[in-house]
Number of protein chains: 2
Amino acid sequence: MSASTHGPRERIVYVTAQRLRRAGVTGTGLREVVVAADAPRGSLQHYFPAGKDQLVGEALEWAGTWAAERVDEHLARMRRPTPARLFAAIVDDWSTDLAVRAFERGCPVAAAVIDCADTNEAVRQAADSALQTWQRPITDALASMGRTPRRAQALSTLMLCALEGAIVLARAQRDTAPLRLVARELGPVLDA
Amino acid sequence: MSASTHGPRERIVYVTAQRLRRAGVTGTGLREVVVAADAPRGSLQHYFPAGKDQLVGEALEWAGTWAAERVDEHLARMRRPTPARLFAAIVDDWSTDLAVRAFERGCPVAAAVIDCADTNEAVRQAADSALQTWQRPITDALASMGRTPRRAQALSTLMLCALEGAIVLARAQRDTAPLRLVARELGPVLDA
DNA sequence: CCGCTACTATGACAGTTGTCATATGGCGCG
DNA sequence: CGCGCCATATGACAACTGTCATAGTAGCGG
């Protein structure tokens, strides 16, 4: 959960991802990042010569892989997995994270998209790719539950849409109700 | 669609809302706004003495009411409205807007939430309230279609979650497919 | 010891941010 | 006219942004 490895570089990437979740790309300053990561400022231009874009890109990539691994963890823990149960587990993750952190942080990928989709093509691509990294294990899991590839793809997209939207609503009203709601409502659809 | 009334004040609010959709709150500069609104810079401190927070708040309020009116327009146009058809109409609005504008602009409310939910309580409240303004006519419509108040509320929440998330995914991959997908998948659930 | 590389440290740059103080128009009203 | 108010104009402010140039340190192989 904390920094994967403990070098300054990894800390910077990790901290960046967390800051993105709070205030988006534009709202996250590099100086603030290195301070929070307890890293030297010079490391920025050393490890990320391409500047903020590269750092944000790697933060998104990190977040994508982390989320994907989390999906696999859930699947491993389930004795009789179904699409609805997987979705419920993911939603529950977010629900407790939001509640515990007082709705401080949302999804870094969504933040990147909303801030940069039209102003920074590099970041947009990174966000898109992170999204795919996250979605792939979900799609695969659904396929292994008997859905056709086409159907698995559709259902995983539906999951992510509902989840991302629910996170936004939850943070707006400071209440996890939307998350619980989508899990409940979509359950039958997913397991149909 | 363009500025409601044509005074400088209204133009500023409208332009702000559109800029929010592009780059979020932090990414939208006030000088840039007044230039795009063709308004004098002095009008900012004159009409919005409480500063950026007030302006963003009014932009969100404007957006909320606009979206609510749009819902009513759709309902008025339908001869035999159902929840799924209403949802499809709303999604279609967004779909063409995204496509026409090359995925340049998303939802201003989501942008405000993601940028400010944890850093600016005033804006967060404005976003929450705009969201309610938008959701209310939908809930009412669903109720008038025979759903219980409780059910109508749940379904309208589900709609907004799926929509907001689909907008994010669509902008990430520059494709309206997620929007069309949620409309298709959620149709049966909504009309059940 | 030298030289080399990896990393750190710092200071400066030009640009932008939101906000404020102040001054100037314009126009109706008494 | 002349007072006064609404609106506009403009300049400055300190704080911050991302980026870069430059210098420094440590450690290792030769």
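Note that the coordinates shown come from a computational prediction; the quantities given were computed from them, not determined experimentally. Side chains included, hydrogens not; waters and symmetry mates left out as well; all remaining heavy atoms used. Within every chain, numbering begins at 1; the chains are lettered A, B, ... in the order of the sequence lines, protein sequences first and strands thereafter.
Rounded to a whole Å, the CZ atom of A/Arg11 is 13 Å from the C1' atom of C/dC7. Summarising the geometry, the separation between CD on A/Glu10 and P on C/dC7 is reported as 10 Å, rounded to the nearest angstrom. Atom NE2 in A/His46 sits roughly 5 Å away from atom C1' in C/dA6 (whole-Å rounding). Protein atom CZ of A/Arg9 is 10 Å distant from nucleotide atom P of C/dC7, rounded to whole Å. Distance, A/Asp38 CG to C/dA9 P: 10 Å, rounded to whole Å. The CD-C1' distance, from B/Glu32 to C/dT17, rounds to 11 Å in whole Å. Straight-line distance from the CZ atom of B/Arg19 to the P atom of C/dG18: 13 Å, rounded to whole Å.
Judged by distance alone, with hydrogens and angles left aside, the side-chain atoms of B/Arg124 form no donor-acceptor pair with the main-chain N or O of B/Val113 at under 3.5 Å. Under a 3.5 Å cut-off, the side chain of B/Ser95 and the backbone N or O of B/Asp92 do not form any donor-acceptor pair. Without hydrogens or angle criteria, A/Thr148 side chain to A/Arg151 main chain gives a donor-acceptor distance under 3.5 Å.
Between B/Met145 and B/Pro81, the closest heavy-atom pair is CE-CB, 3.8 Å. Of all heavy-atom pairs between B/Pro40 and B/Val34, the closest is O-CG1, 4.2 Å.
Across C/dC7, C/dT17, C/dA21, the shortest atom-to-atom separation from the side chain of A/Tyr47 is found for C/dC7. Closest approach to the B/Gln45 side chain among C/dG18, C/dT22, C/dT8 is made by C/dT22 (side chain taken as heavy atoms from C-beta onward).
Listed in residue order, the members of residues 113-130 of chain B having a heavy atom less than 4.0 Å from DNA chain C come to none. Contact check of residues 49-61 of chain A against DNA chain C (heavy atom, cut-off under 4.0 Å) returns no residues at all.
A close approach under 4.0 Å does occur between a side-chain nitrogen or oxygen of A/Ser43 and OP1 or OP2 of C/dT8.
The 5' end of DNA chain C is approached more closely, in terms of each residue's nearest nucleotide, by A/Ala39 than by the other of A/Arg31 and A/Ala39.
Screening B/Asp97, B/Thr16, B/Thr28 against B/Arg21 for a side chain to side chain donor-acceptor pair (under 3.5 Å) leaves a single residue, B/Asp97.
One finds a salt bridge joining A/Glu58 and A/Arg9 here, because a Lys/Arg side-chain nitrogen approaches an Asp/Glu carboxylate oxygen to under 4.0 Å.
For DNA chain D, the contact window with chain B, defined by any atom under 4.0 Å from a protein heavy atom, covers D/dC6 to D/dA12 in 5' to 3' order.
Side-chain contact check for B/Thr26 and A/Thr26: no donor-acceptor pair (N or O, by modelled atom type) lies under 3.5 Å. Between the side chains of A/Glu61 and A/Ser129, no donor-acceptor pair of N or O atoms lies under 3.5 Å.
The aromatic rings of A/Trp94 and A/Trp134 sit tilted, their planes meeting at an angle between 30° and 60°.
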Go through the steps to decide whether B/Arg80 and B/Arg85 satisfy the test side-chain contact (heavy atoms from CB on, under 4.5 Å), and finish with yes or no.
-> CA-CA 9 Å; B/Arg80 236 184 51 76; B/Arg85 285 179 192 169; 3.7 Å; yes
